[in-house]
Colleague: 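Before we start, here is the structure in question, set down as structure tokens.
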Amino acid sequence: MQDWTIRCDVLVVGSGGGALTGAYTAAANGFSTIVLEKTTLFGGTSAYSGAAVWLPGTAVQERAGIGDSTEKARTYLRALLGDVDVERQEAYLTTAPAVVDFLESDPNIEFEWRPFPDYYQAPGRMDSGRAINPLDLPSAEIGDLRELVRPEPNLDRAGKPQPDATLIGGRALIGRLLLALQGTGRADLRTRTAARQILTEGDRVVGVEALTATGEILRIRAERGVLLAAGGIEGNAELRGANRTPGRARWSMGPQGANTGDLIRAAVDVGADTALLDEAWWCPGIEMPDGSGAFMVGVRGGILVDTSGNRYLNESLPYDQFGRAMIARGSDAAIPSYLVFDSSEGGPTLPAISIPQATAEEHFDAGTWVSADTIEELAMKIGVPADTLLHTVERFNDHAKRGVDEDFHRGEDPYDAFFCRPGADLPNAALKPIATGPYHAARIILSDLGTKGGVRTDADARVLRKDGTAIEGLYAAGNTSASLSGKVYPGPGVPLGTAMAFSYRAALHMMG
Ligand SMILES: Cc1cc2nc3c(=O)[nH]c(=O)nc-3n(C[C@H](O)[C@H](O)[C@H](O)COP(=O)(O)OP(=O)(O)OC[C@H]3O[C@@H](n4cnc5c(N)ncnc54)[C@H](O)[C@@H]3O)c2cc1C
């Protein structure tokens with residue numbers, strides 16, 4: 001006999017895009033639903049995100065008239081992922097239109113298509129992209145809930161709240177889902193409450209034990225099921241070490257202290273199998289003055305060199321492939337690497353997007369960036385052979401002049417030019433010569449947008465044991481589950497898209 005503090009139909013642990021989609025699905029269908037969030041704010045990494053959601057072939061792409069379809073997306077996914085986990089691939093693809101229709105049936109939720117190319121050259125690719133985004137959310141519409149939404153990384157890391165301004169990106173997604181959940185009248189949304197143990201009766205999961213910030217222990221019974229959508233292990237140095245996950249907890253983009261694999265551990269304690277724990281949604285990171293990492297995306301200039309002073313990748317690669325190239329080069333040679341750039345944008349302006357940002361001055365003071373009047377002097381400052389760096393820059397400049405990167409094919413893929421500013425005198429917008437001194441170098445480390453390994457799940461997001469049987473009553477989605485995309489990041493919005501589709505399926509399965 002368990003001594004229960006609270007009872008509900010559906011219990012959701014975590015409050016990212018997946019968690020709130022699952023919670024909304026249950027609550028909107030008449031089931032009492034509790035959401036537990038460990039930190040003081042809702043949204044997790046999902047709130048930091050750009051909120052591109054890779055849910056293909058939906059009414060949103062249809063409205064935009066871009067020619068996307070489930071069939072086209074199937075061709076693309078299958079080309080990238082092969083015949084692995086086909087049942088889950090199918091579940092993802094066929095659920096996408098349904099989950100979007102269902103979410104858009106709530107007056108608080110609406111999506112639109114925004115261009116952002118798929119990440120691989122493969123059959124079925126959309127060069128202009130197929131990801132959808134939630135509409136921006138005016139501050140007046142969200143009201144007091146605004147203060148509970150995790151703000152963008154610049155503000156969050158500085159301990160500042162969500163400002164009284166239109167919520168965009170991941171903040172709009174989380175804000176809209178919270179509004180929809182609130183509107184059901186059946187959702188109990190709790191912050192500062194950390195789930196720490198999964199409770200069972202016989203072979204069935206029946207609830208969780210959670211600890212509140214005030215030290216109260218809650219034993220919550222969930223009649224229909226428990227959905228774990230509490231992020232990955234990105235913020236847990238010990239678990240990263242044990243699983244040989246490249247990179248560091250300090251460099252990850254997960255909100256600090258949030259995603260420490262608590263529910264992956266708890267699920268293993270009740271028999272869950274795990275996979276892909278050394279995998280993440282990789283990205284290059286700009287080393288910040290305080291030693292943390294900032295997501296570097298949209299490189300539009302400069303070159304990346306390793307500790308030998310040589311280039312080793314196409315700097316315009318989609319960020320996950322960029323991170324994978326760093327890992328393949330090896331941590332001794334490539335972590336840190338250096339982004340070498342010039343002053344052609346007017347002073348030490350990093351030719352890339354940095355999320356969050358520090359000023360150039362802060363970087364120079366901390367030594368994470370250095371400057372010099374010549375390439376040779378810059379090489380000395382970053383400790384790479386001067387003649388090699390000079391040769392690397394001269395060779396790249398020659399390629400830029402001719403518009404062809406003979407070494408790494410930068411500028412040949414539609415993605416490469418997406419963030420570049422076309423220059424009238426440049427034959428290839430992705431290849432800008434490094435020719436205007438002074439020259440600068442920024443330390444680049446390996447970061448991630450969350451790990452993507454976790455508990456193994458089936459097409460209904462049911463958590464599986466080693467023998468392939470499902471643990472009754474237990475579901476997982478998002479980065480708590482091993483991603484169906486394996487070692488590939490097919491396109492913008494796959495982390496959120498899969499999290500939302502499988503959380504939706506989990507809720508449907510729980511409801512029978
Ligand atoms: C700058 C940036 C931009 C990005 N842009 C995109 C994009 O456009 N599209 C896309 O698909 N992906 C994007 N990503 C990646 C994506 O945001 C994440 O991989 C994804 O949101 C993770 O979702 P999740 O639900 O697994 O975890 P999260 O969204 O991190 O949610 C997990 C939540 O669980 C809570 N939690 C953890 N442990 C417990 C516990 N014991 N009890 C209760 N709660 C707990 C955490 O505090 C957290 O709030 C981006 C990431 C970043 C950093």
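First listed ligand is number 1; within each ligand, the first listed atom is number 1. Just so it is clear, the values below take in all heavy atoms, side chains as well, and ignore hydrogens, waters and symmetry mates.
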Colleague: Counting only nitrogen or oxygen atoms and a 3.5 angstrom limit, does L449 reach ligand 1?
Modeller: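 In this structure, L449 places an N or O atom under 3.5 Å from an N or O of ligand 1.
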Colleague: When you measure from atom 27 (O) of ligand 1 to each heavy atom in G16, G231, S483, G493, which option holds the nearest one?
Modeller: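 Among G16, G231, S483, G493, the closest heavy atom to atom 27 (O) of ligand 1 comes from G231.
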Colleague: Could you list the atoms of ligand 1 found under 4.0 angstrom from a heavy atom of G478?
Modeller: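 Listed by number with element: 26 (O).
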Colleague: Answer yes or no: does an N/O atom from A499 fall short of 3.5 Å to an N/O atom of ligand 1?
Modeller: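 Between A499 and ligand 1, no N or O pair is found under 3.5 Å apart.
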Colleague: Return the closest protein heavy atom for atom 42 (N) of ligand 1 as residue, atom name and distance.
Modeller: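 Closest protein heavy atom to atom 42 (N) of ligand 1: A195 N, 3.0 Å.
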Colleague: Is there a polar contact between ligand 1 and T480, counting only N or O atoms under 3.5 Å apart?
Modeller: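 The answer is no, given that T480 and ligand 1 share no N or O pair closer than 3.5 Å.
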Colleague: Going by the atom numbers of ligand 1, which of them fall below 4.0 Å from some non-hydrogen atom of G43?
Modeller: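 Listed by number with element, the hits are 29 (O).
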Colleague: Which of the numbered atoms in ligand 1 are below 4.0 angstrom from a heavy atom of T39?
Modeller: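 The list of qualifying atoms is 47 (O).
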Colleague: Picking from Q162, R150, Q256, what satisfies side-chain hydrogen bond (donor to acceptor under 3.5 Å, both in side chains) with D156?
Modeller: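 Among Q162, R150, Q256, the one meeting side-chain hydrogen bond (donor to acceptor under 3.5 Å, both in side chains) with D156 is R150.
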Colleague: Whether E90 and R78 form a salt bridge (side-chain N of Lys/Arg under 4.0 Å from carboxylate O of Asp/Glu) is what I want to check.
Modeller: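 Salt bridge: yes.
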Colleague: Does G497 reach ligand 1 with a nitrogen or oxygen that is under 3.5 Å from one of the ligand's nitrogen or oxygen atoms?
Modeller: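 The answer is no, given that G497 and ligand 1 share no N or O pair closer than 3.5 Å.
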Colleague: Counting heavy atoms only, name the option from S49, C283, A131, A229 that's nearest to atom 4 (C) of ligand 1.
Modeller: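 Checking each option, the heavy atom nearest atom 4 (C) of ligand 1 is found in S49.
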Colleague: Taking the side chain as every heavy atom from C-beta outward, state whether H363 and E287 have any atom pair closer than 4.5 Å.
Modeller: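 H363 vs E287: side chains apart.
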Colleague: So, 4.0 Å and heavy atoms of G450: is ligand 1 close enough to count as a contact?
Modeller: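 No, G450 has no heavy atom closer than 4.0 Å to ligand 1.
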Colleague: With side chain to side chain contact (heavy atoms under 4.5 Å, CB included) as the test, pick out the partner of V13 among L228, T193, L227.
Modeller: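 That would be L228.
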Colleague: Would you say Q121 has more than 12 foreign heavy atoms packed within less than 6.0 Å of its CD?
Modeller: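 Buried by this count: over 12 neighbours within 6.0 Å.
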Colleague: Among T457, V270, L464, exactly one meets side chain to side chain contact (heavy atoms under 4.5 Å, CB included) together with L474. Which residue is that?
Modeller: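 Among the candidates, only V270 passes.
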Colleague: Thinking salt bridges, do R190 and E216 make one under a 4.0 Å N-O criterion?
Modeller: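 Answer for the salt bridge query: no.
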Colleague: What is the closest protein heavy atom to atom 11 (O) of ligand 1, and at what distance does it sit?
Modeller: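 Looking at atom 11 (O) of ligand 1, the protein heavy atom closest to it is L496 N, 2.8 Å.
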Colleague: Which ligand 1 atoms does A258 reach within 4.0 Å, using its non-hydrogen atoms?
Modeller: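 Result: 37 (C), 38 (N), 46 (C), 47 (O).
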Colleague: Once you measure the plane-to-plane angle for Y415 and F418, does it fall in the parallel (<30°), tilted (30-60°) or perpendicular (>60°) bin?
Modeller: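 The rings of Y415 and F418 lie parallel, inter-plane angle below 30°.
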Colleague: With respect to G50, determine whether any N or O atom, backbone or side chain, lies less than 3.5 Å from an N or O atom of ligand 1.
Modeller: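 N/O-N/O distance below 3.5 Å exists for this pair.
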Colleague: Would you say E37 and ligand 1 have an N/O pair spaced under 3.5 Å apart?
Modeller: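 Yes - when backbone and side-chain N and O of E37 are compared with those of ligand 1, one distance drops under 3.5 Å.
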Colleague: Does this structure show an ion pair linking D118 with R125, if we count only N-O contacts that are shorter than 4.0 Å?
Modeller: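 Judged by the 4.0 Å cut-off on N to carboxylate O distance, D118 and R125 do not form a salt bridge.
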Colleague: In terms of the angle between their ring planes, are F102 and Y504 parallel, tilted or perpendicular, with boundaries placed at 30° and 60°?
Modeller: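 Plane angle between 30° and 60°, so tilted.
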Colleague: Answer with yes or no whether A266 contacts ligand 1, where contact means a heavy atom under 4.0 Å from a ligand atom.
Modeller: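 A266: no contact with ligand 1 (<4.0 Å).
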Colleague: Checking a contact table here: which protein heavy atom is nearest atom 28 (P) of ligand 1, and how many Å away?
Modeller: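 Here the nearest protein heavy atom works out to T45 N, 3.5 Å.
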Colleague: In terms of side-chain geometry, is the basic nitrogen of D9 or R186 positioned less than 4.0 Å from the acidic oxygen of its partner?
Modeller: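 Looking at D9 and R186, the cut-off is not met.
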Colleague: Between E279 and R324, is there a salt bridge with N-O shorter than 4.0 Å?
Modeller: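 A salt bridge is present here (some side-chain N lies under 4.0 Å from a carboxylate O).
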Colleague: Specify the protein heavy atom at minimum distance from atom 46 (C) of ligand 1: its residue, its atom name, and the distance to 0.1 Å.
Modeller: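 Protein heavy atom at minimum distance: N259 OD1, 3.2 Å.
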Colleague: Please identify which atoms of ligand 1 are closer than 4.0 Å to at least one heavy atom of M253.
Modeller: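 Here the atoms of ligand 1 in question are 53 (C).
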Colleague: Below 3.5 angstrom, do we get any N/O pair linking K38 and ligand 1?
Modeller: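 It does: an N or O of K38 is found under 3.5 Å from an N or O of ligand 1.
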Colleague: So T95 and L508, side-chain contact (heavy atoms from CB on, under 4.5 Å) or not? Walk me through it.
Modeller: CA-CA 11 Å; T95 303; L508 292 188; over 6 Å; no
Colleague: Which residue supplies the protein heavy atom nearest to atom 29 (O) of ligand 1, what is that atom called, and how far is it?
Modeller: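 Result for atom 29 (O) of ligand 1: S46 OG, 2.6 Å.
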Colleague: Using a 4.0 Å cut-off to any heavy atom of S15, which atoms of ligand 1 qualify?
Modeller: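 Reading through ligand 1 atom by atom, the close ones are 33 (C), 49 (O).
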Colleague: Which residue, W54, Y120, W282, Y319, forms the ring-ring contact (aromatic ring centres under 6.0 Å, His included) with Y489?
Modeller: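 Filter result, single survivor: Y319.
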Colleague: Return yes when A194 approaches ligand 1 closer than 4.0 angstrom through a heavy atom, no otherwise.
Modeller: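 It does; at least one heavy atom falls under 4.0 Å.
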Colleague: Near V13, which atoms of ligand 1 are under 4.0 Å from a heavy atom of that residue?
Modeller: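 Counting atoms of ligand 1 from 1, those under 4.0 Å from V13 are 42 (N), 43 (C).
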Colleague: Check whether any heavy atom of T193 sits under 4.0 Å from an atom of ligand 1.
Modeller: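 Right, T193 reaches ligand 1.
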Colleague: Residue-level breakdown please: for D262 versus ligand 1, do any non-hydrogen atoms fall below 4.0 Å on the side chain, on the backbone, on both, or on neither?
Modeller: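 The part of D262 near ligand 1 is the side chain, not the backbone.
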Colleague: Between E152 and R171, does the salt bridge (Lys or Arg N to Asp or Glu O under 4.0 Å) criterion hold? Intermediate values first, please.
Modeller: CA-CA 8 Å; E152 50 134 324; R171 280 76 68 202; 5.5 Å; no
Colleague: Does ligand 1 have any atom sitting under 4.0 Å from a heavy atom of A51?
Modeller: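 Yes, A51 has a heavy atom closer than 4.0 Å to ligand 1.
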Colleague: Just wondering, are more than 12 heavy atoms of other shown residues or ligands nearer than 6.0 Å to CG in L81?
Modeller: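 Counting neighbours around CG of L81, more than 12 heavy atoms of other residues, nucleotides or ligands fall under 6.0 Å, so yes.
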Colleague: Is it true that E110 and R176 have a side-chain N and a carboxylate O under 4.0 angstrom from each other?
Modeller: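 Salt bridge flag = no for R176 with E110.
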Colleague: Between N479 and ligand 1, which residue portion shows a heavy-atom distance shorter than 4.0 Å: side chain, backbone, both, or neither?
Modeller: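 It is both parts that get close, each with some atom under 4.0 Å.
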Colleague: Looking only at N/O atoms, are A52 and ligand 1 under 3.5 Å apart anywhere?
Modeller: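 For ligand 1, there is an N or O atom that lies under 3.5 Å from one belonging to A52.
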Colleague: If the cut-off is 4.0 Å to any non-hydrogen atom of L263, which atoms of ligand 1 fall inside it?
Modeller: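 Answer, ordered by atom number: 40 (C), 41 (N).
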